[in-house]
Number of protein chains: 2
Amino acid sequence: MKVSKEKMAEHREKIIASAAKRFREHGFEGIGVAELMKEAGLTHGAFYGHFASKEELVELALERAMRDSTAKLEKVIAEAQGDPWQALAEFYLSLRHRKNAVTVCIFPSLGGEIARQPTGVRSAVTDGLQGILSLLGRAIRGKTEKSRRRKAIAAFASMVGGMVLARSTEDPTLSAEILEAVSEALPDIAASAPTP
Amino acid sequence: MKVSKEKMAEHREKIIASAAKRFREHGFEGIGVAELMKEAGLTHGAFYGHFASKEELVELALERAMRDSTAKLEKVIAEAQGDPWQALAEFYLSLRHRKNAVTVCIFPSLGGEIARQPTGVRSAVTDGLQGILSLLGRAIRGKTEKSRRRKAIAAFASMVGGMVLARSTEDPTLSAEILEAVSEALPDIAASAPTP
DNA sequence: ATTATCTATAGATCTATAGATAATGC
DNA sequence: ATTATCTATAGATCTATAGATAATGC
């Protein structure tokens with residue numbers, strides 16, 4: 001039942017890709033090794049030939065997810081007609097994203113759990129977060145590098161918190177109201193002058 | 001081993017209070033019925049005399065936690081010298097709160113998991129969230145009720161997202177930078193004019 | 001010969017229930 | 001007599017490992 005090197009590399013990719021989706025959908029504790037392996041078409045015993053532990057997969061899956069969603073944000077900014085922050089708001093704070101955590105930013109769906117993860121995992125998240133913040137900082141006009149970064153942080157925090165709140169209620173009116181309110185505020189946050 | 005009605009009511013209170021803390025600390029799946037009961041000085045078998053299921057406790061614990069933290073926010077606003085939003089930023093986005101999820105707002109620590117909870121739980125969260133938003137709306141000066149509410153939503157989203165991001169990195173410099181950037185932006189978000 | 005995967009299982013959880021026990025409160 | 005709690009356990013997880021199997025790749 002051995003497979004070729006290429007097949008094995010494909011399997012590894014499939015497992016990480018599945019994990020990156022399912023963790024966002026169910027949380028780190030909401031999906032087990034066995035089911036992730038099943039989704040990749042393998043049995044659970046083969047897992048430990050690929051990874052030392054579930055924790056290692058958590059780390060790799062988060063890196064993958066962050067790389068993907070950062071690339072997506074970059075594309076949205078690059079293709080924006082007019083204010084990139086309006087484009088970011090429409091993309092990130094959409095009804096589609098509220099419903100599907102699977103392929104979207106890790107922070108609204110996994111932020112709380114990440115805070116409880118061991119150092120290796122949190123360290124990987126730090127790298128990804130720095131990447132997002134420097135990407136967003138480049139989409140802000142401001143005098144100093146420092147002020148651009150501060151605005152980028154405040155703006156990204158709004159996006160993440162807005163999605164957390166929109167997802168935490170089952171009332172569709174309130175949920176839509178949250179997405180709209182934050183979307184509307186976002187361009188101002190990204191451009192607002194720092195408090196004197 | 002039966003106890004008096006008053007003792008039983010005390011036990012119930014203790015279990016809910018423990019759960020409200022431990023869920024915020026470890027997540028809903030990170031702490032079991034047995035350990036929660038141990039913290040209340042009881043054995044796990046007694047749990048089902050108090051609650052129909054763990055899910056029922058999740059709902060009650062979230063209601064309790066939200067009631068407590070809303071009261072705390074109300075107090076911060078009432079006692080603020082000057083801009084209440086500066087006081088809210090100092091209180092909510094503090095280093096102390098970054099470290100201790102236990103007694104603080106449920107959304108940064110449990111927001112992602114709440115989105116995956118059944119209707120009963122999410123419905124309880126909706127009520128609590130409406131309470132927080134109307135409290136915060138009263139702390140905003142704005143022409144219309146609608147504009148005050150929109151600002152309250154955007155501001156609360158920033159607070160929640162800011163804490164999520166600050167907690168998700170183990171880099172103390174980045175974490176402090178996030179808390180400062182969002183704190184600085186918050187009064188502007190709460191007061192900013194809506195985009196035309 | 002090496003090794004990726006499979007089958008089977010150990011050992012540790014976790015939620016929930018059943019029946020026994022002992023204290024309350026009519 | 002009623003009932004809150006305790007002890008014990010069922011049944012279903014979950015992570016991780018051991019040994020067998022069968023295909024790769026020297």
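Below, chain A is the first sequence line, B the second, and so on; all start at residue 1.
- D:dC6 atom C1' lies 16 Å from atom CZ of B:F47, rounded to whole Å.
- Distance A:H50 NE2 to D:dA16 P: 15 Å, rounded to the nearest Å.
- Here the C1' atom of nucleotide C:dT15 and the CD atom of B:E55 are 13 Å apart, to the nearest Å.
- Of the candidates C:dT5, C:dT3, D:dT2, D:dT2 carries the atom nearest the B:K2 side chain, counting heavy atoms from C-beta on.
- D:dA16 atom C1' lies 5 Å from atom OH of A:Y48, rounded to whole Å.
- Nearest-nucleotide mapping onto DNA chain C: of B:A52 and B:E6, the residue sitting toward the 5' end is B:A52.
- When distances are taken from the side chain of B:H11 to each of D:dA4, D:dA16, D:dT7, the shortest belongs to D:dA4.
- Using a cutoff of 4.0 Å between basic side-chain nitrogens and carboxylate oxygens, B:E184 and A:K146 are not scored as salt-bridged.
- Taking atom NZ of residue B:K5 and atom C1' of nucleotide D:dT5, one finds them 17 Å apart after rounding to whole Å.
- Nearest nucleotide to the side chain of B:S4, out of D:dA16, C:dG25, D:dC6: C:dG25.
- The nucleotide whose nearest atom lies closest to any side-chain atom of B:T43 is, among C:dT5, D:dC6, D:dT5, D:dC6.
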Which protein N or O atoms sit under 3.5 Å from an N or O of nucleotides 9-12 of chain D?
none

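- When every heavy atom of A:P187 is checked against every heavy atom of A:D83, the shortest pair comes out as CB-OD2, 3.5 Å.
- At the heavy-atom level, B:K7 lies nowhere under 4.0 Å from the strands shown.
- Each end of the helix from C:dA1-D:dT24 to C:dT24-D:dA1 gets its own rotation axis from five pairs of C1' atoms, and the angle between them is 0° to the nearest 10 degrees.
- A salt bridge is defined here as a Lys NZ or Arg NE, NH1 or NH2 lying under 4.0 Å from an Asp or Glu carboxylate O, and B:E10 with B:K7 meets this definition.
- Applying side-chain hydrogen bond (donor to acceptor under 3.5 Å, both in side chains) to B:S175 and the options B:E180, B:K99, B:R98 leaves one that passes, B:R98.
- Closest to the B:M8 side chain, of the nucleotides C:dA16, D:dA4, C:dG25, is D:dA4.
- One atom, CG of B:L42, and another, P of C:dT21, lie 20 Å apart when rounded to the nearest Å.
- Taking a cutoff of 4.0 Å between a charged side-chain nitrogen and a carboxylate oxygen, A:R64 and A:E13 qualify as a salt bridge.
- Side-chain atoms of B:T126 and A:E170 form a donor-acceptor pair, as typed in the model, at a separation below 3.5 Å.
- The nearest whole Å value for the distance from the CE atom in B:M37 to the P atom in C:dA16 is 13 Å.
- Residue B:W85 is tested with B:L136, B:I189, B:I77 for a side chain to side chain contact (heavy atoms under 4.5 Å, CB included); the sole match is B:L136.
- Salt-bridge formation is detected for the pair B:R22/B:E25: a Lys NZ or Arg NE/NH1/NH2 atom is positioned less than 4.0 Å from an Asp or Glu carboxylate oxygen.
- A:M37 approaches A:F47 most closely through the heavy-atom pair CE-N, 3.3 Å.
- For A:K14 and C:dA4, the NZ to C1' distance is 15 Å, given to the nearest whole Å.
- Annotation: of the two residues near DNA chain C, B:G32 and B:V3, the 5′-most nearest-nucleotide partner is B:G32.
- Here the rule is side chain to side chain contact (heavy atoms under 4.5 Å, CB included) with B:Y92, and of B:V182, B:V160, B:L186, B:V76 only B:V160 fits it.
- Mapping A:G45 and A:E35 onto DNA chain D via the closest heavy atom, the residue that lands nearer the 5' end is A:E35.
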